[in-house]
Amino acid sequence: MPKYWLRAFAEDGHVRGRWRSGAEHRTPVRRAAVGRDFNTDPLAEGERRVALETYLDRHVDGPCAPVLRALREGQWPLDEAEYAVALDALAWQVVRTQTFRSFDEQVGQHLFPALWAVEALGFCEEELGRPLSDGERMEVFWTAIRTAPGPWLVADPRSALRVMIRAFERTRDVLAAPGRQLVVLRSAVPMLLLGDSGVALRRKDGTFGITPPLLPERVEVFAPLSPTCLLISTPRAHYLPHQGLTRKIAAKANAGAAAWCQDAVYRLPSMSWPSRLRLTSAPLEVRPPRLTAAPTQPPGPAPAHPEIRDGELRAILEQLSHPPTDQSDQSPVLRRGDER
């Protein structure tokens with residue numbers, strides 16, 4: 001969680017955090033929502049190890065902090081460049097949290113047996129030197145499902161970082177899609193809490209779950225910028241900025257903060273906890289999918305990764321996609337022409 005974001009919910013450099021256990025602590029901003037080595041490359045050394053963290057500091061948090069501060073202080077509408085920076089801030093905050101990483105891990109755990117079974121089919125046909133019959137394919141598939149090892153067998157410590165970079169591009173495209181807009185709502189008194197994820201995704205039915213797809217077209221992104229300022233990315237037109245931040249909308253945003261937090265929800269130390277708001281004992285979970293299989297079903301199209309538009313981010317993704325061959329103190333800095 002960026003410190004510039006947390007400071008808007010602090011008094012005298014402290015926030016009050018409530019944990020899922022029900023415990024509350026007055027916490028210094030510097031120690032709140034901290035994830036050690038969260039964005040570092042575990043297989044690199046020197047500057048390359050912190051290349052992604054450095055990129056986020058220079059190209060995300062650096063530009064985003066003044067724009068979000070301007071929103072909190074009442075500047076609206078934003079010019080085109082500032083609007084684009086605000087979209088970047090929301091998209092990055094969706095994908096660089098413990099909640100998003102937990103979502104990715106849970107989806108991988110649920111899908112791994114099916115992926116293992118598909119590989120087993122190919123292995124059997126290669127060993128036999130002939131295609132399997134429909135009955136044989138189904139028998140091999142379901143046997144492989146039942147006996148599949150855990151995903152730890154192919155664990156990649158860099159996978160979460162690659163997923164985050166690629167998911168940013170998809171998320172940014174969703175938030176910038178035609179028909180969506182940013183809405184800023186303000187109140188005269190503090191009403192908003194801040195989860196340690198910073199943002200919450202609210203579905204069309206009003207729920208805050210993380211069952212795939214994580215970003216359907218009608219999803220809303222709630223981002224409390226301060227106890228009195230709420231930024232919303234929405235495809236809906238029913239929010240009325242001239243009416244301000246109502247208690248009803250604030251209650252929805254606070255419910256999202258409580259649902260989407262991984263460990264804690266923060267607020268102004270002088271602000272009381274909403275009486276009807278409850279923290280569940282565990283973070284959000286992805287429901288296991290129901291698997292079906294048919295032997296004659298044609299394979300679907302291979303998934304395509306989105307294009308990484310920023311040259312420096314492409315270089316970091318390239319670093320994270322290959323085993324390190326040179327542990328010298330180099331970072332994936334752009335060479336002339338790489339920006340193309």
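Below, each value reflects all heavy atoms present in this structure, side chains not excepted, and no hydrogens, waters or symmetry copies.
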K.L.:
Does atom CD of E285 have more than 12 heavy-atom neighbours from other groups under 6.0 Å away?
P.N.:
no

K.L.:
Can you name the nearest heavy-atom pair linking P131 to E125, along with the distance?
P.N.:
CA-OE2, 3.6 Å

K.L.:
Look at the side chain of R158 and the backbone N and O of H322, then say whether any donor-acceptor pair between them is shorter than 3.5 Å.
P.N.:
yes

K.L.:
Decide salt bridge (Lys or Arg N to Asp or Glu O under 4.0 Å) for E220 and K252; before the verdict, give the C-alpha distance in whole Å, the side-chain angles of both, and the deciding distance to 0.1 Å.
P.N.:
CA-CA 11 Å; E220 294 184 313; K252 293 177 181 178; over 6 Å; no

K.L.:
Would you kindly say whether D196 and Q98 are connected by a side-chain donor-acceptor distance under 3.5 Å?
P.N.:
no

K.L.:
Only one of R96, R69, K3 clears salt bridge (Lys or Arg N to Asp or Glu O under 4.0 Å) with D61; which?
P.N.:
R96

K.L.:
Could you tell me whether E126 atom CD has more than 12 heavy atoms of other residues or ligands within 6.0 Å of it?
P.N.:
no

K.L.:
With rounding to the nearest 0.5 angstrom, report the OH to CE distance, Y266 to M1.
P.N.:
10.0 Å

K.L.:
Do side-chain atoms of R49 reach the backbone of D41 as a donor and acceptor pair under 3.5 angstrom?
P.N.:
yes

K.L.:
Is there a side-chain contact between M164 and L52, using heavy atoms and a 4.5 Å cut-off?
P.N.:
yes

K.L.:
Taking the side chain as every heavy atom from C-beta outward, state whether L43 and P323 have any atom pair closer than 4.5 Å.
P.N.:
no

K.L.:
Salt-bridged, D205 to R218, with N to O below 4.0 Å?
P.N.:
no

K.L.:
Just wondering, are more than 12 heavy atoms of other shown residues or ligands nearer than 6.0 Å to CZ in R247?
P.N.:
no

K.L.:
For R276, does the CZ atom sit with more than 12 other heavy atoms under 6.0 Å from it, leaving out its own atoms?
P.N.:
no

K.L.:
Apply side-chain hydrogen bond (donor to acceptor under 3.5 Å, both in side chains) to the pair S197 and T99, showing each step before the final yes or no.
P.N.:
CA-CA 7 Å; S197 292; T99 300; 2.8 Å; yes

K.L.:
For the hydrophobic clusters of this structure (ILVMFWY residues joined by side-chain heavy atoms under 4.5 Å, transitively), does one cluster hold both L284 and V265?
P.N.:
no

K.L.:
Passes salt bridge (Lys or Arg N to Asp or Glu O under 4.0 Å), R20 versus D263? Steps please.
P.N.:
CA-CA 6 Å; R20 292 192 178 277; D263 297 309; over 6 Å; no

K.L.:
Check whether H238 reaches the backbone of R236 with its side chain - one donor and one acceptor, N or O, closer than 3.5 Å.
P.N.:
no

K.L.:
Between P2 and L56, is there a side-chain heavy-atom distance shorter than 4.5 Å?
P.N.:
no

K.L.:
Check whether E82 reaches the backbone of D79 with its side chain - one donor and one acceptor, N or O, closer than 3.5 Å.
P.N.:
yes

K.L.:
Please check this pair: side chain of S187 against backbone of V189, looking for a donor-acceptor N/O pair closer than 3.5 Å.
P.N.:
yes

K.L.:
Hey, is CG on D37 packed in by over 12 heavy atoms from elsewhere, all under 6.0 Å?
P.N.:
yes

K.L.:
Just jot down the side chain to side chain contact (heavy atoms under 4.5 Å, CB included) partners of A251, sequence neighbours excluded, or say none.
P.N.:
none

K.L.:
CG of L121 to CD of E136: how many Å apart, nearest 0.5 Å?
P.N.:
10.5 Å

K.L.:
Identify the residue among V199, L231, I232 that makes a side-chain contact (heavy atoms from CB on, under 4.5 Å) with V221.
P.N.:
V199

K.L.:
Would a distance-only check, ignoring hydrogens and angles, find a side-chain to backbone donor-acceptor pair under 3.5 Å from H305 to R166?
P.N.:
no

K.L.:
What's the separation between atom OG1 in T171 and atom CG in L90, rounded to the nearest 0.5 Å?
P.N.:
10.5 Å

K.L.:
Which is it for R101 and F38 under the side-chain contact (heavy atoms from CB on, under 4.5 Å) test, yes or no, and what are the steps along the way?
P.N.:
CA-CA 10 Å; R101 193 162 293 185; F38 192 68; 3.5 Å; yes

K.L.:
If hydrophobic clusters are built by linking Ile, Leu, Val, Met, Phe, Trp and Tyr wherever their side-chain heavy atoms come under 4.5 Å apart, do V94 and L68 end up in the same one?
P.N.:
yes

K.L.:
How long is the gap from CZ on R18 to CG on L277, to the nearest 0.5 Å?
P.N.:
8.0 Å

K.L.:
Mind checking what makes side chain to side chain contact (heavy atoms under 4.5 Å, CB included) contact with S102, not counting sequence neighbours?
P.N.:
Q106, Q262

K.L.:
Calculate, to the nearest 0.5 Å, the distance between atoms CD1 and CG belonging to I316 and N39 respectively.
P.N.:
10.5 Å

K.L.:
Does any non-hydrogen side-chain atom of L132 lie less than 4.5 Å from one of M138?
P.N.:
no

K.L.:
Any sub-3.5 Å donor-acceptor pair from W76's side-chain atoms to L71's backbone N or O?
P.N.:
no

K.L.:
Is the shortest heavy-atom distance from the side chain of I165 to the side chain of R314 under 4.5 Å?
P.N.:
no

K.L.:
Taking the side chain as everything from C-beta on, heavy atoms only, tell me whether L245 gets closer than 4.5 Å to T228.
P.N.:
no

K.L.:
Of the non-hydrogen atoms in L192 and S226, which two are nearest, and what is the gap between them?
P.N.:
CD1-O, 3.4 Å

K.L.:
Give the intermediate values and the outcome of side-chain contact (heavy atoms from CB on, under 4.5 Å) for residues L214 and V219.
P.N.:
CA-CA 9 Å; L214 190 63; V219 73; over 6 Å; no

K.L.:
When you group the ILVMFWY residues by side-chain heavy-atom contacts below 4.5 Å and let the links chain together, are L6 and L193 in the same group?
P.N.:
no

K.L.:
Group every Ile, Leu, Val, Met, Phe, Trp and Tyr by side-chain heavy-atom contacts under 4.5 Å, then state whether W273 and L268 land in the same group.
P.N.:
yes

K.L.:
Judged by atom type as modelled, is there a donor-acceptor pair below 3.5 Å linking the side chain of N254 to the main-chain atoms of L194?
P.N.:
no

K.L.:
Start with the C-alpha distance between I210 and W260, add both sets of side-chain angles, then the distance that settles side-chain contact (heavy atoms from CB on, under 4.5 Å), and finish with yes or no.
P.N.:
CA-CA 9 Å; I210 59 172; W260 261 69; 3.8 Å; yes

K.L.:
Can you tell me how far CZ of F141 sits from CZ of R146, rounded to the nearest 0.5 angstrom?
P.N.:
11.0 Å

K.L.:
Can E217 and R180 be said to form a salt bridge (Lys or Arg N to Asp or Glu O under 4.0 Å), step by step?
P.N.:
CA-CA 9 Å; E217 291 182 0; R180 293 190 72 91; over 6 Å; no

K.L.:
Are side-chain heavy atoms of V183 and L185 found at a separation under 4.5 Å?
P.N.:
yes

K.L.:
Answer yes or no: is there a side-chain heavy-atom contact under 4.5 Å between P241 and V184?
P.N.:
no

K.L.:
Spell out, yes or no, whether W142 and W116 are grouped together once hydrophobic residues are joined by side-chain heavy atoms under 4.5 Å, including indirect joins.
P.N.:
no

K.L.:
Measure from the side-chain N and O atoms of Y4 to the backbone N and O of C64, and report whether any donor-acceptor pair falls under 3.5 Å.
P.N.:
no

K.L.:
Can we say R267 and E11 salt-bridge, meaning some charged N sits less than 4.0 Å from an Asp/Glu carboxylate O?
P.N.:
no

K.L.:
Please check if any side-chain donor atom of T27 sits under 3.5 Å from a side-chain acceptor atom of R16, or the reverse.
P.N.:
no

K.L.:
Verify salt bridge (Lys or Arg N to Asp or Glu O under 4.0 Å) between D156 and R162, making sure each step is shown before the conclusion.
P.N.:
CA-CA 10 Å; D156 179 352; R162 296 196 301 271; 2.7 Å; yes

K.L.:
Mind telling me whether W92 and F168 have parallel, tilted or perpendicular rings, with 30° and 60° as the class edges?
P.N.:
parallel

K.L.:
Look only at the side chain of E169 and the backbone of I308, and say whether a donor-acceptor pair between them is shorter than 3.5 Å.
P.N.:
no

K.L.:
A117 and A144: which non-hydrogen atoms are nearest, and at how many Å?
P.N.:
CA-CB, 3.6 Å

K.L.:
Might you work through the side-chain contact (heavy atoms from CB on, under 4.5 Å) test for F222 and S233, ending with a clear yes or no?
P.N.:
CA-CA 7 Å; F222 282 28; S233 170; over 6 Å; no

